[in-house]
Amino acid sequence: DEAVHLPAPPDLSVHSTNMKHILTWSPVTIPGETVNYSVEYQGEYERYYTSSTWIPSSWCSSISTPECNVTDDITATVAYNFRVKAILGSQSSSWSTLKELFNRNSTVLTSPRMKISKDGYHLIVEFEDMGPYFEFNVTYWKKSPNSQKELYKIVREGGSLVHLETMEAGAEYCVKAQTIVEVIERSSTFNQVECIRAQDEFPL
Amino acid sequence: GQEFHFGHCWVQRAILQDLWRAFQSIRSTVQALDNNTDVRLLRQEFLRNASLAEICHLNYSLLNFYLSNVFIKYHTKAEELGILTPFTTLANNFFAILKKLQGCKERGMFSLSESSQRKFQLFQQEFTKLNPEVRLTKALGEVDILLAWMEKAFR
Amino acid sequence: APCISSGLPKPINVTFSSVNMKNVLQWNSPEGLRGTDVVYTVQYLIYGQKRWLNKSECRNINRTSCDLSYETYDHEEQYYGRVKVIWGKHCSKWAETERFNPWLETQIGPPVVALTPGEKSISVVLTAPEKWKRNAENNSVSMHQIYPTLKYNVSIHNTKANKKWYKFVTNHTLEFPQLESDTLYCISVQAYVQGPLRKAKASDNQCITTLKDQTSELKVK
């Protein structure tokens, strides 16, 4: 049968939030057929040192959905390029590539989800586990009419309850936090301030 | 943040996270291919009594050497061994560090010390004595030594 | 007389097991020779040096481990170990370890943890784990000296409220003030080093009860 014209997948772009990077494109549709796609990438090393070799993506060598999680491919803070081709049986389209190279230092950093709690007089904070790149800069203070001395602590990882401060009986403490991603030298905005009151003197 | 210190230049310490993770996943494969166990390229005495600046300058020279002489020639072999993804992680992170340091060097922020140059030449002599494929495998198998030296340069 | 290298099967799973730089070569006897009275001989090599070296205390032994801590003491060197089976006049080929990097691979043991309860507090004194010593008289080398970024992850479990939380510390003494009196708390500590992923063993849970509240005692009397 006559070979179908297979266009290169259009609209290639990377959407990146909190160091999770998703490559998307518009699907190539051929009535009655399932079109697959193959993704490859290259970093600055490949462009400068190896006359632009391309590397098969870790997870998207032959997929049918028009998106690919390329987080495991982007593992350096350099500019990456991606290319995608459509595959139908033995036929392949030409490659389409990114209009603009992608560097992970442009990822969108959202403020962290945080839970504060107490164990008696002890102020405890817990963050969601956002992966190995994330630390949390926690700023906290005791609410008082006259002064508000801010203290801060770096919490190395999410997913566990971490002691922040030993509170004074009956005092109210407030906490806010931002994520820090050292490998791209950036941090998120602070999240919503949350406050909690320490218990009064131990009941006799 | 925590950085490692190359003369007056700073590189984010966190970059070592990606480097170690990548190397840990290729270490067994690459080191098992190195049968010349009687030769060590990155020798301990290079660091003995070396100042922090010397360690940094030696690391800079080695990073440059690895990009232009090791990674570039080992690409096909890495593909054959099925270690291309971690291999390109190492190469691109070396590139990122070097790019940052290149900027510092061009701005005259650090100059290569004579003694680190001499040690680097010793390394090069030892490297060129070996046959081509052996030396590439050995150099790649010793990246843990280079990363440990970079850890020492961390401030 | 040297043994005859015949078709005897080699030892299997030859690896280094390392905690605080106590580096022990261990292996399993080959499938076909289990239960027979075979013996083993061990050698080691310092990566970058020419000759394999004998370990005299591990020549013709019947156990399946050999402590090479003394020979692999310099943790900035890297090493190989190898072992072969000897059965009568016959012996197997050598079975080798992968390249062993003590600095990278040793498991960091837990610190020594000393707890002192107060009425509403617990004082914790940590003693950093020590590198394996060549002999008892030698000065101790703390693992802290080898890994300057060594920190401690202290977990404390309030058994009454059933709440457990963590505290990251760098110094060796800390106090948990403002606790509940007459309450059982369990504490465990794990060393943590930034850099390559390293195994680290947490200390056993140590439980201690805070003292009774003296003021309430007096009021009751």
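On a predicted model such as this, the values are computed, not experimentally measured, just so you know. Residue numbering restarts at 1 for every chain, and letters A, B, ... go by the order of the sequence lines.
- When ring centroids are compared, A:Y173 and A:Y140 stay outside the 6.0 Å threshold.
- For the pair B:K119 and B:F46, the cation does not sit on the ring face, since its NZ or CZ is not both under 6.0 Å from the ring centre and inside 45° of the axis.
- The closest side-chain heavy-atom distance from B:K138 to B:V39 is below 4.5 Å.
- Contacts from residues 77-85 of chain B to chain A, taken as heavy-atom pairs separated by less than 4.5 Å, involve B:L84, B:T85 in sequence order.
- At least one test fails for A:R156 against the ring of A:F136: distance under 6.0 Å to the centre or angle within 45° of the axis.
- Residue contact with chain A, scored on non-hydrogen atoms closer than 4.5 Å, involves the side chain of B:L98 exclusively.
- Atom CZ of A:R186 has more than 12 heavy atoms from other residues, nucleotides or ligands within 6.0 Å.
- Heavy atoms only, all atoms of each residue included: A:P112 and A:Q178 are closest at CD-CA, 3.8 Å.
- Below 4.5 Å, heavy atoms of chain A meet no heavy atom from residues 127-136 of chain B.
- No more than 12 heavy atoms of other residues, nucleotides or ligands sit less than 6.0 Å from atom CD of A:E100.
- Here A:E126 does not pair with A:K118 in a salt bridge; the nearest charged N to carboxylate O distance is not below 4.0 Å.
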Show me, pair by pair, the donor-acceptor contacts under 3.5 angstrom made by side chains of residues 22-36 of chain A, not counting sequence neighbours?
from	atom 1	to	atom 2	distance (Å)
A:T24	OG1	A:S13	OG	3.4
A:T24	OG1	A:H15	NE2	3.0
A:S26	OG	A:D11	OD2	2.4

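- Counting heavy-atom pairs closer than 4.5 Å to chain A, the top residue among B:A91, B:A22, B:P86 is B:A91.
- Ring geometry for B:Y66 against B:F123 counts as parallel: the plane angle stays under 30°, on a 0 to 90° scale with 60° as the upper cut.
- Using a 4.5 Å cut-off between heavy atoms, B:K99 touches chain A through its side chain atoms alone.
- Between B:R40 and B:E142 there is no salt bridge, since no side-chain nitrogen of the basic residue lies less than 4.0 Å from a carboxylate oxygen of the acidic one.
- Atom CD of A:Q192 sits in a sparse spot, with 12 or fewer heavy atoms from other residues, nucleotides or ligands closer than 6.0 Å.
- Contact annotation for B:F94: neither backbone nor side-chain heavy atoms come within less than 4.5 Å of a heavy atom of chain A.
- With a threshold of 4.5 angstrom between heavy atoms, B:D18 approaches chain A through side-chain atoms but not through N, CA, C or O.
- Ring planes of A:H163 and A:H122: tilted class, angle from 30 to 60°.
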Exercise. Take B:F87 and B:F71 through the ring pair (Phe, Tyr, Trp, His ring centres under 6.0 Å) test and state the conclusion after the steps.
Key: CA-CA 8 Å; B:F87 174 83; B:F71 287 116; 5.2 Å; yes

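- Contacts with chain B (heavy atom to heavy atom, under 4.5 Å) involve these residues of residues 50-89 of chain A, listed by number: A:T50, A:T53, A:I55, A:P56, A:S58, A:D72, A:T75, A:A76, A:T77, A:V78, A:Y80.
- The number of heavy-atom neighbours closer than 6.0 Å to CZ of A:F190, taken from other residues, nucleotides and ligands shown, is above 12.
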